[in-house]
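Beneath this line is the structure, given in structure tokens, with notes to follow.
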Amino acid sequence: MTIATTNPVNGQVLKTYEAMSDEQVDDAIERTHLAYRQLRGTTIEQRGRWLTAAADLLEAERDETARLMTTEMGKTLAAAKAEVTKCATACRFYADRAAGFLADEPADAAAVAATRAFVRYQPIGPVLAVMPWNFPLWQVLRFAAPALMAGNTGLLKHASNVPQTALLLEGLFRRAGFPEGAFTTLLVGSEAVDRILSDPRVRAATLTGSEVAGRSIAQIAGRELKKTVLELGGSDPFVVMPSADVELAAQVAATARCQNNGQSCIAAKRFIVHNDVYDAFAEAFAHRMAALRLGDPMDDDTDVGPLASERGRNEIDAQVRDAVDKGATVLCGGEKPTGAGWFYPPTVVTDLDPGMRMWSEEVFGPVAGLYRAASYEEAIELANGTAFGLGSNAWTRDPEEQQRFAADLDAGAVFVNGMTTSYPELPFGGVKNSGYGRELSAQGMREFCNIKTVWVGEGTAGVGAGAHSE
């Protein structure tokens, strides 16, 4: 298999790596297992100092790290710099708040016939992280920062087209002071995941990726009785109602669809607009999408760079062609450029119907589907009429509608009058085929903890009398 850095601007292979042998993988798992024994015995304060040092390194090396990410997967340099900064922020967030998130939680001791009772959060061991290329630093850091602060160790199987970023992450935590092996990168293909997750030293797994990959991980973990957190993408709705600021909604919509060159799980993908404002929104949205500048992601003037792979570009082009061949209308874009690089223009497609691939499939590129809705009820039906349920957007200045959208949108997050994004302070994850479990916030940190009940009695006769066993 190929593990290589290939520049998506021109298709040039810049660096290749040999996949690790089974023996090398076994050695890496053992190092990580031994590091767990060491890390779990350190204090939260010590781990916080190491994670703060990682944040310092990220900030000091921001520009160099950003250029590496842009070279490997094509996001604009400005977006890559912002990603590095966001990762440093998350490291500081968990360094500062982990003690509170993991503090013992007292229970009602009298109610359980104890002198003292509480819940304690403790680490569970090495966690395998199978991560994608689209946010090659952030996707990993949002798992690694809370996991390491909790006392777990990490094994990273990153996407095969971002090997240098994967190795950078291993070096980052080592240079920050974490024990050798606390975070280890495995340069392996997907075929190695079954063997790694089946190893008894590996206690859990987290995956961000496709539905197919998620089902595979869940099947292995189910067989091995191991905890998993899965984030499997989405086809997020962006609903615009009559009371919305249509110009602002169109402006945010273009950013929401084309962030990260359109390659984001929580990018808005299906734009559902009430009939009363449909024409105004469609015109403004198509105008803003067409005005985005497609080009070299290293250039400051570029808004949208290339897709990360030729296969990815061919896939979205096939989805657009399928829709057009079946009667859809393209308002802007829609033509695959000729020449070097895996570029695709910002595109808006309307007149979609259930017989088209774009109706039910996630489109992982700068292509927006535009839909009409005659009422709130129809908008909700369209918004929820997908197998996915990751993020969602609703644009309305009506307080009652805002409450209804918050209740009715079937997703892991609802953003009203704003663009869906992720914050360390808020839990992140989905429902339905978008996966299960949560990352970020206190909830994300506790996903890979042993949530332990501790009951303490006086140790004298009669204590606990009358209690019933399970």
Side-chain angles (χ1 to χ4, degrees), residues 231-257 259 264-285 288 348-354 358-363 368-423 425-444:
E231 194 263 274
L232 308 179
S235 190
D236 288 10
F238 188 107
V239 183
V240 183
M241 297 299 286
S243 66
D245 181 331
V246 172
E247 283 295 328
L248 178 59
Q251 175 186 336
V252 174
T255 302
R257 177 64 288 233
Q259 59 171 312
S264 170
C265 299
I266 55 170
K269 299 182 176 77
R270 297 176 300 124
F271 297 82
I272 300 164
V273 186
H274 193 281
N275 280 339
D276 291 355
V277 291
Y278 179 89
D279 291 339
F281 178 87
E283 181 180 358
F285 182 38
R288 288 188 176 276
V348 179
V349 182
T350 189
D351 299 324
L352 296 162
D353 67 47
M358 280 187 63
W359 186 277
S360 57
E361 296 179 4
E362 179 180 20
V363 183
L370 191 56
Y371 303 77
R372 288 180 180 270
S375 63
Y376 172 88
E377 289 73 20
E378 186 177 357
I380 285 293
E381 184 177 359
L382 283 167
N384 291 341
T386 172
F388 296 104
L390 188 57
S392 60
N393 304 259
W395 285 76
T396 173
R397 287 182 284 196
D398 182 325
E400 182 180 346
E401 281 186 344
Q402 291 175 359
Q403 291 297 323
R404 293 180 72 188
F405 276 117
D408 294 343
L409 283 169
D410 198 3
V414 178
F415 279 66
V416 180
N417 297 332
M419 189 178 85
T420 302
T421 188
S422 56
Y423 296 96
E425 295 85 355
L426 296 173
F428 182 90
V431 295
K432 300 192 291 188
N433 288 10
S434 287
Y436 52 76
R438 291 296 180 264
E439 298 175 290
L440 301 174
S441 74
Q443 287 91 337

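Residue numbers start at 1 and run along the sequence shown. All of these numbers come straight from a predicted model, not from anything done at the bench.
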If we ignore hydrogens and angles and just use 3.5 Å, is the side chain of [X] paired with the main-chain N or O of [Y] as donor and acceptor?
{"X": "R270", "Y": "A383", "value": "yes"}
{"X": "E378", "Y": "A374", "value": "yes"}
{"X": "R257", "Y": "K269", "value": "no"}
{"X": "N433", "Y": "F388", "value": "no"}
{"X": "Q402", "Y": "T396", "value": "yes"}
{"X": "N393", "Y": "V239", "value": "no"}
{"X": "Y376", "Y": "R404", "value": "yes"}
{"X": "R438", "Y": "G430", "value": "yes"}

Check: D236/S392 side-chain N/O donor and acceptor closer than 3.5 Å
no

How long is the straight-line distance from [atom2] of [Y] back to [atom1] of [X], given to the nearest 0.5 Å?
{"X": "T255", "Y": "R288", "atom1": "OG1", "atom2": "CZ", "answer": "8.5 Å"}
{"X": "Q403", "Y": "D398", "atom1": "CD", "atom2": "CG", "answer": "10.5 Å"}
{"X": "E362", "Y": "C265", "atom1": "CD", "atom2": "SG", "answer": "6.0 Å"}
{"X": "H274", "Y": "E401", "atom1": "NE2", "atom2": "CD", "answer": "8.0 Å"}
{"X": "L382", "Y": "I272", "atom1": "CG", "atom2": "CD1", "answer": "5.0 Å"}
{"X": "Q259", "Y": "T421", "atom1": "CD", "atom2": "OG1", "answer": "6.5 Å"}

Would you mind reporting whether E231 and S434 have side-chain heavy atoms less than 4.5 Å apart?
no

4.5 Å side-chain heavy-atom contact, L426 and L440
no

If you measure from the Lys or Arg side-chain nitrogens to the Asp or Glu carboxylate oxygens, is any gap between D276 and R372 under 4.0 Å?
no

Within the supplied structure, the quantity of interest is the number of heavy atoms (other residues, nucleotides, ligands) at a distance under 6.0 Å from E283 CD; does it exceed 12?
no

More than 12 heavy atoms from other groups under 6.0 Å of CD on E381:
no

Mind listing the closest non-hydrogen atom pair of [X] and [Y] along with its distance?
{"X": "E247", "Y": "A284", "result": "OE2-CB, 3.8 Å"}
{"X": "L390", "Y": "G234", "result": "CB-CA, 4.2 Å"}
{"X": "L248", "Y": "D245", "result": "N-OD1, 3.1 Å"}
{"X": "G418", "Y": "F415", "result": "O-CB, 3.8 Å"}
{"X": "D408", "Y": "N384", "result": "O-ND2, 3.0 Å"}
{"X": "A249", "Y": "F238", "result": "O-CZ, 3.6 Å"}

For a side-chain contact (heavy atoms from CB on, under 4.5 Å) check, start with the C-alpha distance between Y436 and V431, then their side-chain angles and the critical distance, and finish with the verdict.
CA-CA 6 Å; Y436 52 76; V431 295; over 6 Å; no

Could you check W395 against F405 for ring pair (Phe, Tyr, Trp, His ring centres under 6.0 Å), going step by step and ending with a plain yes or no?
CA-CA 9 Å; W395 285 76; F405 276 117; over 10 Å; no

Apply the test side-chain contact (heavy atoms from CB on, under 4.5 Å) to residues L370 and Y278: give CA-CA distance (whole Å), side-chain angles for both, the deciding distance (0.1 Å), then the verdict.
CA-CA 9 Å; L370 191 56; Y278 179 89; 3.6 Å; yes

Could you go through the side chain to side chain donor-acceptor pair (under 3.5 Å) check for T386 and S235 one step at a time?
CA-CA 7 Å; T386 172; S235 190; 4.7 Å; no

Let me see the working for F271 and F285 under ring pair (Phe, Tyr, Trp, His ring centres under 6.0 Å), right down to the final yes or no.
CA-CA 10 Å; F271 297 82; F285 182 38; 4.7 Å; yes

